[in-house]
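This report concerns only the one structure given below.
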Protein chains: 2
Amino acid sequence: MASRICLIEDEPTIRELVSMKLVQQGYSVDSFDEAERVMQNSEQLWELYIVDLMLAGEASGLELCRWLKEKQPTLPVLILSALSEPLDRIEGLKVGADDYLTKPFEMEELLLRVEGMLKRRSWYASLPSNLSVFEWDDCAVDFVKFEGRRGKEPFSLSQKECMLMKLLIEKENQVVSRDEILNQVWGYDVFPSSRTVDNFILKLRKYFDNPGKPKYFHSIRGAGYKFTKKGIL
Amino acid sequence: MASRICLIEDEPTIRELVSMKLVQQGYSVDSFDEAERVMQNSEQLWELYIVDLMLAGEASGLELCRWLKEKQPTLPVLILSALSEPLDRIEGLKVGADDYLTKPFEMEELLLRVEGMLKRRSWYASLPSNLSVFEWDDCAVDFVKFEGRRGKEPFSLSQKECMLMKLLIEKENQVVSRDEILNQVWGYDVFPSSRTVDNFILKLRKYFDNPGKPKYFHSIRGAGYKFTKKGIL
DNA sequence: TTTTTTTATGACAGTCCTGTGACAATTTGG
DNA sequence: CCAAATTGTCACAGGACTGTCATAAAAAAA
């Protein structure tokens with residue numbers, strides 16, 4: 001499916017040009033000339049934002065960026081800025097999945113960046129509840145840092161561990177079958193043995209739970225596994 | 001688009017000559033004979049300033065330089081000075097992006113410096129913050145001087161080393177994938193082997209960390225690298 | 001130009017993650 | 001209670017990924 005891009009740029013010429021190019025590339029583009037239009041919308045509708053820092057309306061592009069970042073730190077925002085932009089406006093924006101382009105820019109360059117950003121988006125975009133950190137009791141998982149924590153000291157998590165954790169959290173309180181786990185975490189084309197999943201559950205239990213007497217990571221015989229935030233014995 | 005250059009020089013002959021040459025090279029030049037003219041303008045209109053230190057007006061070239069530096073430390077200023085000028089006056093001024101030429105100078109020389117400074121400008125424009133120096137523990141990186149420091153003695157950093165450092169600092173505590181590193185540091189159209197990135201991480205570790213047992217530059221298997229200011233073992 | 005520095009690549013070693021099978025433990029149904 | 005099926009746990013092997021070096025290629029400086 002086509003990626004949805006939100007373009008905020010007040011110069012009609014540039015807006016048209018960029019929009020056209022992006023559509024030509026198969027993206028679905030909605031363009032606006034004022035930041036307010038986007039902010040009115042509380043839903044997260046787009047997968048990538050292209051924002052001109054110098055906007056004419058009430059809210060500047062800068063404010064829009066802050067607003068977006070606040071809503072979801074990992075949202076990819078491609079910033080367009082004029083060369084002469086005072087630096088302090090740029091300050092503080094360099095968080096998350098951002099990228100910069102200074103005007104004037106090559107259209108090719110823009111397309112390449114858009115492509116690259118969208119490619120990277122996938123992992124962050126699907127974070128549970130849009131937060132990068134999930135906490136329960138004395139435990140926590142940071143999906144951006146690939147870290148877990150129980151009590152005070154953080155430890156690093158491997159990719160698979162992180163992905164499995166993510167899946168279980170997304171489906172909190174639901175039973176997730178081994179099949180589903182394999183499909184979601186390992187992919188549709190790989191089929192490791194069924195023991196593999198058990199082993200990873202075991203690891204998670206060692207990290208965050210009590211093997212042999214799990215509170216959070218329950219196994220439902222014949223069905224799969226279930227993660228519960230509020231521990232149940 | 002043509003780069004905009006601001007030339008402040010009170011000798012009409014030289015002013016005309018330099019201005020003409022620069023325009024010939026495709027730059028857009030505005031020339032003034034008094035420092036005040038420039039200072040009246042609070043907007044940042046030019047991308048490069050060429051300033052004669054010995055100006056006749058109320059404000060000297062020296063003051064103009066200070067004024068510019070205050071407004072924005074990373075603004076590129078090319079200083080013209082007579083040979084007889086005491087060097088120590090200049091020393092303090094020559095910060096980072098600056099360069100200076102002693103009169104009389106070859107026009108070729110001037111053009112080369114202008115070109116070089118403008119090429120570097122885009123880099124300064126995207127510094128992590130208004131600050132050109134980032135410090136942690138006993139280490140520091142100066143993005144304007146392209147220098148690193150661990151303990152007392154500074155050492156110079158290459159461009160790529162600096163850019164990688166910048167990226168990692170911008171994304172402090174986040175895992176940055178090799179893909180993203182390649183895109184951000186090397187560009188969207190070049191694709192060096194994956195080993196290349198590792199090698200640069202190795203260099204940074206040698207400079208600022210402890211290879212084999214990194215505190216600041218962590219590698220997340222299968223995901224990428226992560227920089228942490230407060231060292232973690 | 002020549003010289004020097006910087007960047008890129010490939011080889012190789014070492015590390016740690018993954019996946020597997022064996023076996024124990026547990027649950028379920030008869 | 002027993003048997004079958006399922007799950008828990010472990011140790012190990014294979015492999016993917018990373019660390020490191022030497023060296024080649026390229027770029028910059030002299």
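Values reported hereafter were calculated over all heavy atoms of this structure, with side chains retained and with hydrogens, waters and symmetry mates removed. Here the structure is a predicted model, which is why all the values come from computation and not from measurement.
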Between [X] and [Y], does the ring centre distance come in under 6.0 Å?
X: A/Phe208; Y: A/Phe155; answer: yes
X: B/Trp67; Y: B/Tyr49; answer: no
X: B/Trp46; Y: B/Tyr27; answer: no

> Do B/Asn210 and B/Tyr216 have a side chain donor and acceptor closer than 3.5 Å?
Replying inline: no
Euclidean distance, atom [atom1] of residue [X] to atom [atom2] of [N] [Å, nearest integer]:
X: A/Asp209; N: D/dG8; atom1: CG; atom2: P; value: 12 Å
X: B/Ile201; N: C/dT7; atom1: CD1; atom2: P; value: 14 Å
X: A/Lys213; N: C/dT26; atom1: NZ; atom2: C1'; value: 11 Å
X: A/Phe146; N: D/dC17; atom1: CZ; atom2: P; value: 14 Å
X: A/Arg205; N: C/dT26; atom1: CZ; atom2: C1'; value: 12 Å
X: B/Phe155; N: C/dT6; atom1: CZ; atom2: P; value: 13 Å
X: B/Phe217; N: D/dT18; atom1: CZ; atom2: C1'; value: 16 Å

> Does B/Arg178 pair with B/Asp198 as a salt bridge, N-O distance under 4.0 Å?
Replying inline: yes
Is there a side-chain contact between [X] and the phosphate of [N], meaning an N or O under 4.0 Å from OP1 or OP2?
X: A/Trp186; N: C/dG19; value: yes
X: B/Ser219; N: D/dC17; value: no
X: B/Tyr225; N: D/dG19; value: yes

>> I'd like to check the side chain to side chain contact (heavy atoms under 4.5 Å, CB included) partners of B/Glu16; sequence neighbours left out, ordered by chain and number.
In response: none
>> Heavy atoms only, 4.0 Å cut-off, all strands: where does B/Leu157 land among base, sugar-phosphate and nothing?
In response: nothing
> Among D/dG8, D/dT9, D/dT18, which is the nearest nucleotide to the side chain of A/Arg178?
Replying inline: D/dG8
>> Using a 4.0 Å heavy-atom cut-off to protein, can you give one letter per nucleotide of nucleotides 9-17 of chain C, 5' to 3': B if the base is in contact, S if only the sugar-phosphate is, - if neither?
In response: BBB---BBS
> Crowded around A/Gln174 CD? As in, over 12 foreign heavy atoms under 6.0 Å?
Replying inline: yes
